[in-house]
*Asks:* 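Following this message is one structure expressed as structure tokens.
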Amino acid sequence: MPELPEVETVRRGLAPTFVGGTIASAEARRPDLRFPFPARFVARLTGRRVADLRRRAKYLLADLDSGETLIMHLGMSGSFRVEGAPVGEFYHPRGQPGTHDHVEFAFASGVRVVYNDPRRFGFMDIAETAKLEAHPLFAGLGVEPLGPEFGPGALASVLEGVRAPLKAALLDQRRIAGLGNIYVCEAMHAARLSPLRAAGSLKPAETRRLAQEIRRVLEAAIEAGGSTLRDHRQTDGTLGYFQHAFAVYDREGAACGHCGALILRAVQSGRSTFYCAACQK
DNA sequence: CCGCGATCCTGGGGGC
DNA sequence: TGCCCCCAGGATCGCG
């Protein structure tokens, strides 16, 4: 579920609690999510002050004052919610843990942050902050599409010579990191490029268009609080609303807003691709 | 290098 | 109501 815009939305929602906050206690209610929690997970978090909350691709990174970083990935169905934000002297009462509330952080401020993940494709890890870039999760990650280094040149270089379909290349986190099924479909439609095209066949003008539309679509989605299909919530529980702005995703059979032809659904690498065959060339 | 299918999970929706 | 099958925003792995 969460692609870059959803993760960024979550980061912004958590930042006021995390940044500068101290984790008074932490609880993992099961031994694993997708992977086992790292050794001494709770002990390494307890009492730590959070210096910064960053995002890299679809990962959230909480830098701790211990020199370590808490790495969090939401998988397909992970979400965070913030509870008990202090209002004057009154803190919201602590409720019973809900179904799939797997992790909880209690901050010294009295605010609690709960991680919920029905499918448990998400995971958490802790690693040395200074060595994060060498961590196996990050070593092979591609360019950050909202970063300063991303543009037509960077896009051209990661697509050059690639015979795989454009759709597959854009989903490959080793080339561009952070795009998922929704925003790849939306960006290709906005750039009028067929998902079936060989990735390496784009002409310079097409690469420029695609780079521009990737950035534009992601920024618009962040502005809208992400897309809520089922699970995604902002940390205060409100829904994202970028799904109302989808041009093609999950709109099979509807009319293309650009040319009026019917939007098609195809399957590529086992995943749905939504596109307009009439105007995406 | 490449595409594909299976895999890790739970839950929602549609068809019957 | 209920059951069964298919599908889902991610990501990795092994296969041919």
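Every chain is numbered from 1, with letters handed out A, B, ... down the list of sequences.
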*Asks:* Quick one: is dC7(C) close enough that its OP1 or OP2 comes under 4.0 Å of any side-chain N or O from Ser272(A)?
*Replies:* no
*Asks:* Do NZ/NE/NH1/NH2 and the carboxylate oxygens of Arg208(A) and Glu206(A) come within less than 4.0 Å?
*Replies:* no
*Asks:* For Thr228(A) and Gln243(A), which I'm curious about, is there any donor-acceptor pair between the side chains at under 3.5 Å?
*Replies:* no
*Asks:* Using the P atom as the reference point in each nucleotide, state the distance between dC4(B) and dC7(C) in Å, no decimals.
*Replies:* 16 Å
*Asks:* What are the 5'-most and 3'-most nucleotides of DNA chain B lying under 4.0 Å from any heavy atom of chain A?
*Replies:* dC2(B) to dG12(B)
*Asks:* Distance between the P atoms of dC3(C) and dC9(B), in whole angstroms?
*Replies:* 23 Å
*Asks:* Is any side-chain N of the basic residue among Asp117(A) and Arg119(A) closer than 4.0 Å to the acidic one's carboxylate O?
*Replies:* no
*Asks:* Could you tell me how far apart Asn181(A) (CG) and dA8(C) (P) are, to the nearest whole angstrom?
*Replies:* 8 Å
*Asks:* Rounded to whole Å, how long is the line connecting atom CG of Asp250(A) with atom C1' of dA8(C)?
*Replies:* 10 Å
*Asks:* Under 3.5 Å, is there a donor-acceptor pair linking the side chains of Glu6(A) and Tyr183(A)?
*Replies:* yes
*Asks:* To the nearest Å, how far apart are Phe246(A) CZ and dA8(C) P?
*Replies:* 13 Å
*Asks:* Between Arg265(A) and Ser272(A), do the side chains contain a donor N or O and an acceptor N or O under 3.5 Å apart?
*Replies:* yes
*Asks:* Within this structure, what is the CZ-to-P distance between Arg174(A) and dG10(C), rounded to whole angstrom?
*Replies:* 15 Å
*Asks:* For Leu229(A) and dC7(C), what is the distance between atoms CG and C1' respectively, to the nearest whole Å?
*Replies:* 12 Å
*Asks:* Name the pairing partner of dG9(C), where a pair is Watson-Crick or G-U wobble with both distances under 3.5 Å, or state none.
*Replies:* none
*Asks:* Does the protein touch nucleotides 11-16 of chain C at the base, only the backbone, or not at all? Give it as B, S and - per nucleotide, heavy atoms under 4.0 Å.
*Replies:* B-----
*Asks:* Provide the distance between the two P atoms, one in dG5(B) and one in dC6(C), to the nearest whole Å.
*Replies:* 14 Å
*Asks:* If only side-chain N and O atoms count, and only distance matters, is there a donor-acceptor pair under 3.5 Å linking Arg192(A) with His258(A)?
*Replies:* yes
*Asks:* Could you give the CZ-to-P distance, from Phe274(A) to dA8(C), as a whole number of Å?
*Replies:* 7 Å
*Asks:* Of Val267(A) and Phe121(A), whose nearest nucleotide on DNA chain B comes first from the 5' end?
*Replies:* Val267(A)
*Asks:* Please output the side-chain donor-acceptor pairs of residues 45-52 of chain A that fall under 3.5 Å, not counting sequence neighbours, one pair per line with the distance.
*Replies:*
unit_1: Thr46(A); atom_1: OG1; unit_2: Val42(A); atom_2: O; d: 2.7
unit_1: Arg48(A); atom_1: NE; unit_2: Asp65(A); atom_2: OD1; d: 2.5

*Asks:* Does a nitrogen or oxygen in the side chain of Tyr249(A) sit under 4.0 Å from OP1 or OP2 of dG9(C)?
*Replies:* yes
*Asks:* When you check the side-chain N and O atoms of Thr69(A) and Asp63(A), is any donor under 3.5 Å from an acceptor?
*Replies:* yes
*Asks:* Can Leu264(A) and Tyr275(A) be said to form a side-chain contact (heavy atoms from CB on, under 4.5 Å), step by step?
*Replies:* CA-CA 5 Å; Leu264(A) 306 181; Tyr275(A) 71 110; 4.0 Å; yes
*Asks:* What's the shortest heavy-atom distance between Glu186(A) and Val248(A), and which atoms?
*Replies:* OE2-N, 3.0 Å
*Asks:* If pairing requires Watson-Crick or G-U wobble contacts with both distances under 3.5 Å, which nucleotide is the partner of dC16(B)?
*Replies:* dG2(C)
*Asks:* Hey, which of these two, Gly270(A) or Arg175(A), hits DNA chain B nearer its 5' end, going by closest nucleotide?
*Replies:* Arg175(A)
